[in-house]
Every structure is written in structure tokens, then in C-alpha cells.
Amino acid sequence: MPSILIIDDNASVGTALEVLFSLHDIDALHASSPEAGLALLAQQPVDLVIQDMNFTEDTTSGEEGEALFQQIRAHHPDLPVILLTAWTQLSSAVDLVKAGAADYLAKPWDDRKLLTTVNNLLELSETRRELDRRRDREQRNRTALEARYDLRGAVVADPASERVVSLACQVARSELPVLITGPNGAGKEKIAEIIQANSLVAKGAFVALNCGAIPAELIEAELFGSEAGAYTGANKAREGKFEAADGGTLFLDEIGNLSLGGQMKLLRVLETGRFERLGSNRERQVKVRVISATNADLPAMIRDGQFREDLYYRLNTIELALPPLAERPGDILPLAERFLGDGKPLSSAAASALQRHGWPGNVRELRNVIQRAALLAQGARIEVADLNLPRAASAARAAGPVVDPDRGLIESALARNHGIIAQTAAELGLSRQALYRRMDRYGIPRE
């Protein structure tokens, strides 16, 4: 049952309110002076306070009520307070409402209006308490996660990122392949590092390969190695990423860009652990934990014949879906502070601007924005102007995150950014290489 403390020197007021609230399942306590009210507050918790503004006979200044309110606010900053006074023009009561009092009602009060106000405030208080309890649980969960696992310095402040990191830690000791999905720049490689650090092969090598940054004709050589003379420019034998990662973890980013031939060979390695270097007939055996990542819609690529369905199910034994930064708002400021280090702090306005921004380039864009602002800011703090947040990115947020933009979206973004590839790629949440590939696919000229 909720409880209310009534602080009023008039006994009849206290009795009337006690009866009113008792009829509506609200427990009411009455104190006849500020001192008695503060003593009761120190002894037991209450959900709301209703206080008079004057406690001395023939006093109408409201100074006593103001002093009481300030004392309550000092010791119980989140406790809602309703002010009651017979002097409806009392300016101090109006000022106190502006200073944080929940409401200001005149005597004699309207029972229905008072009950409505009280019930609304009690409901709001319960919502706040539940929010505080949830935040406490989340903080305890994060602390336990950090104590139990090696998070590789990852910022895990938002419940959405916490869920992904927690699941990554749970599956880390399994040998099954993991597929990490999410937009470019969201932190997929960091999730892969966390899996490696908590796996059975944590002491082995962690080798990363961005399949989208390697030309299609060279990707197989990068993965499996090559013998001298296997292709033009191959002057000597070299090991591939699978050999380099033997006994450890191989992280394949942008797996959707792997050619169909490369997909077939990758499937065989995943199934048997065996492969041949380009230009060689000798099979090699490796034991590698494979973690892959993509920002592409692989099921759609399967329907279009661009990705092997058997490879997809082999890679997708465990899927971790990492949301874009815009859907992890609790991570934005902690990440910004991490990137700032011991440098200049953010102003409150700059912090608000960071939280309002859509972050189409995700964590990578945030890092670039913060590093640039830290370098160029002239004042003691980083201000909104120092962030130089692009308008185009804000427009992209309104349209929603784009995973795989079509021709129209790419052409529109190029026009907004005057053909500047780096800015267009950041707006679309792509790397420059990924943008170039899509431009080539749709026949958009590189100017």
C-alpha cells in the first residue's frame, strides 16, 4: 500500500486528508510541524509528501514552507511534494513548483483533483522505482559479466549490446561456427575478439580478413595460400589465413562478398579442416575456429543465387545480431568518453547532440567525430559546433537504418554528398570498398 506524509499544523486538515486517502487504499501519516515531518521522513520511507506553506499563526509569507521544501529536497531529491496553501496568490509556492515541487493546490482543495494528482504522482514514482531497479539489475549483470569474462575493453552500457556480448561469452567455448550480423562499423570485430578471448583457443592466433577489401581474384589466395607461380605476381609461396590461424580463430568479415568458388572451398574446409593452396595438389590440415560477419542479407543472396545455402547454414550454427548504434543509445556517451580518454570533456549540449544523432556510420563514425572534435575544439569543452555532425546523417536516421542500399538510395546519397565517396559511404553505413562494389553492380559511374 502506498504511503503519504501530510505536514500541516492544522489537525482538521490532517484528519480530513487521512480519511480521504484511507478510503482509497492509501496509508496516510500526519505531522503537525516541519520538525516532526522531517523526523518521520528520517524514520520511514514514504511515497509522497503533502505540505502546508505556513506553520505559525498569522503568518502568510510562505517562508516556512519554502524552508521545509528545501530540506526535504536536500535529503530526498526524488520524493514528490505537493504544496497546500490558503493563499492562492502566494508567489513563493509558484516558485517552488518551478524549482521542482510536484504541484501547488489551494485550500480548500477539490478532493477529486487532489486524488487524481496523488494517484498520478504515485504511479510515476512506482515507474521511476521500477526503472531504478531495472538499472540496478543491469549494472549488476554488467559487473558480473566483466568479472567473469574477458570483454577486451568493450563498452557494454546498453541492454541491447549487453545481450549480444553475454550470448557471445556463452557460446565462446563451443567449437561451432558463429555468424555475426549487423551494419558496418557497429563493432562486429570486437564481438569476434570477445569470442576468441573466452574460447578454448584463446591462446591461439586471432586472424582477421575483410573479404570485401580483397579483389575477388585474390580472395582464395588470401584464404588458402598459394604456391610460387600460381598466378601473375606470385613470385614465392605464401601461407593463407587458414594456415596463419591454425590452432586459433579466423574472423571473416563481409563474408557475403566471397565468390561462389571461394564459398565452395570454404565449405569444404569447415567440414573437413582440409584444403590445398592455389597451384598445389597437396592437402593441408588445420584446426581453426571460424567466426564470420556480414552486413548483407544472406537469405536474399541465397534466393538470388549469390550465396550457397549449405555454406550459410554451416556458418550460421550460432547467429549474433548486433544492432546499429542508433538502437543502442546507452552506448553512445560511454563510447564517446572512451574515445576522448583524458582529453577535453563534452559539454551537456554536445552530449545531447550525440544522443540525438542517427549514427549511420555506427561506432566507426562516432570515433571519427570524437577524434576530430578533440583535435579541433578551441575551448575548454567540446561544443556542438566542434562535432560538425552532418545533416545528411540525421536525414538517414529518419528514414531508418539501411542495411543494403539499392541504386536509388546510393544515387541520392551521392548527390547529397556532391559525389564524395567517403561521406556517402559513412551516410550509408558502408566501407568505401563496399560502396564501390555496389556502384559497379548497379552501373553507377565512378567519377
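Between L250 and F206 there is no side-chain heavy-atom pair separated by less than 4.5 Å. The shortest side-chain heavy-atom distance between V363 and F339 falls under the 4.5 Å cut-off. A heavy-atom distance below 4.5 Å is found between the side chains of L223 and L252. Taking 4.5 Å as the limit, every side-chain heavy atom of I4 sits out of range of all side-chain heavy atoms of L29. You'll find the side chain of V156 reaches within 4.5 Å of the side chain of L151, heavy atoms only. Contact check for I370 versus R367: no side-chain heavy atoms found under the 4.5 Å cut-off. Between D297 and M301, every side-chain heavy-atom pair lies at or beyond the 4.5 Å cut-off. The side-chain heavy atoms of I7 and V49, taken from C-beta on, include a pair separated by under 4.5 Å.
With sequence neighbours left out, R289 forms a side-chain hydrogen bond (donor to acceptor under 3.5 Å, both in side chains) with no residue at all. Scored by the side-chain hydrogen bond (donor to acceptor under 3.5 Å, both in side chains) test, K265 finds E220 as partners (sequence neighbours excluded). Under the side chain to side chain contact (heavy atoms under 4.5 Å, CB included) criterion, L176 pairs with S174, T317, I318, not counting sequence neighbours. Legend: residues meeting salt bridge (charged side-chain N to carboxylate O under 4.0 Å, His left out) with E175, ordered by chain and number and at least two apart, are K287. Legend: residues meeting salt bridge (charged side-chain N to carboxylate O under 4.0 Å, His left out) with E309, ordered by chain and number and at least two apart, are absent. E18 is linked by a side-chain hydrogen bond (donor to acceptor under 3.5 Å, both in side chains) to nothing, counting only residues two or more places apart in sequence or in another chain. With sequence neighbours excluded, the residues that form a salt bridge (charged side-chain N to carboxylate O under 4.0 Å, His left out) with R133 are E126, E130. For N210, the side-chain hydrogen bond (donor to acceptor under 3.5 Å, both in side chains) criterion is met by no residue, not counting sequence neighbours.
A salt bridge links E193 with K190; the closest basic N to acidic carboxylate O contact falls under 4.0 Å. Using a 4.0 Å cut-off between charged nitrogen and carboxylate oxygen, R314 and E271 do not count as a salt-bridge pair.
Within the structure, the salt bridge (Lys or Arg N to Asp or Glu O under 4.0 Å) test picks out the following pairs touching residues 40-53 (sequence neighbours left out): D47-R129, D52-K107. Within the structure, the side-chain hydrogen bond (donor to acceptor under 3.5 Å, both in side chains) test picks out the following pairs touching residues 374-388 (sequence neighbours left out): S347-E383. Screening residues 299-308 for side-chain hydrogen bond (donor to acceptor under 3.5 Å, both in side chains) gives R308-D310 as the qualifying pairs, with residues at least two apart or on separate chains. Residue pairs satisfying the side-chain hydrogen bond (donor to acceptor under 3.5 Å, both in side chains) criterion with at least one member in residues 143-156, sequence neighbours excluded, are listed as follows: Q139-T143, D150-R152.
Without hydrogens or angle criteria, W359 side chain to L354 main chain gives a donor-acceptor distance under 3.5 Å. Counting only distance, with no hydrogens or angles, the side chain of K188 and the backbone of D253 share no donor-acceptor pair below 3.5 Å. A donor-acceptor pair under 3.5 Å links the side-chain atoms of K344 to the main chain of A377, judged by distance alone. N316 places no side-chain N or O within donor-acceptor distance of the main-chain N or O of Y312, the cut-off being under 3.5 Å. A donor-acceptor pair is defined here as one N or O able to donate and one able to accept, closer than 3.5 Å; such a pair exists between the side chain of S199 and the backbone of Q196. A side-chain donor-acceptor contact under 3.5 Å links N362 to the backbone of L325. The backbone N or O of A186 sits less than 3.5 Å from a side-chain atom of R328, completing a donor-acceptor pair. For the pair N295 (side chain) and P183 (backbone), a donor-acceptor distance under 3.5 Å is absent.
Going from atom CE of M53 over to atom CG of L83 covers 5.5 Å, rounded to the nearest 0.5 Å. In this structure, CD in E254 is found 10.5 Å from CG in L209, a value given to the nearest 0.5 Å. Atom CG of L41 and atom CG of L79 lie 6.5 Å apart (nearest 0.5 Å). From R73, atom CZ reaches atom CG of L68 across 11.0 Å, with rounding to the nearest 0.5 Å. Rounding to the nearest 0.5 Å places CD1 of I255 at 8.0 Å from OG1 of T294. Taking CG from L48 and CG from L5, the interatomic distance works out to 9.5 Å, rounded to the nearest 0.5 Å.
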Query raised in the report: Run the side-chain contact (heavy atoms from CB on, under 4.5 Å) check on Q51 and V81 step by step: do they pass?
Result: CA-CA 7 Å; Q51 69 155 82; V81 177; 3.8 Å; yes

Report task. Evaluate side-chain contact (heavy atoms from CB on, under 4.5 Å) for V178 paired with F251, printing each intermediate quantity in order. Result -> CA-CA 10 Å; V178 175; F251 174 57; over 6 Å; no

Report task. Step by step, work out the side-chain contact (heavy atoms from CB on, under 4.5 Å) result for L115 and F21. Result -> CA-CA 8 Å; L115 282 170; F21 293 132; 3.9 Å; yes

Report task. Show the numbers, then the answer: is there a side-chain contact (heavy atoms from CB on, under 4.5 Å) between L311 and L270? Result -> CA-CA 9 Å; L311 176 60; L270 293 175; 3.8 Å; yes

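Looking at E319 and T181, their side chains do bring a donor and an acceptor atom within 3.5 Å of each other.
The shortest non-hydrogen separation linking D158 to S161 is O-OG, 2.9 Å. Annotation for D331 and V155: closest pair OD1-O, 4.1 Å, computed over non-hydrogen atoms. Between C169 and N198, the shortest heavy-atom distance links the atoms SG-ND2, 4.3 Å. Across all non-hydrogen atoms, the minimal contact from G358 to A326 is O-CB, 3.4 Å. For the pair L366 and A336, the tightest heavy-atom approach, listed with the atom from each and the gap, is CD2-N, 4.1 Å. Annotation for S259 and I219: closest pair OG-CG2, 4.4 Å, computed over non-hydrogen atoms.
The aromatic rings of F224 and F275 lie tilted to each other, with the angle between the two planes from 30° to 60°.
For the side-chain contact (heavy atoms from CB on, under 4.5 Å) with L17, the qualifying choice from I26, L114, D8 is L114, the only one to do so.
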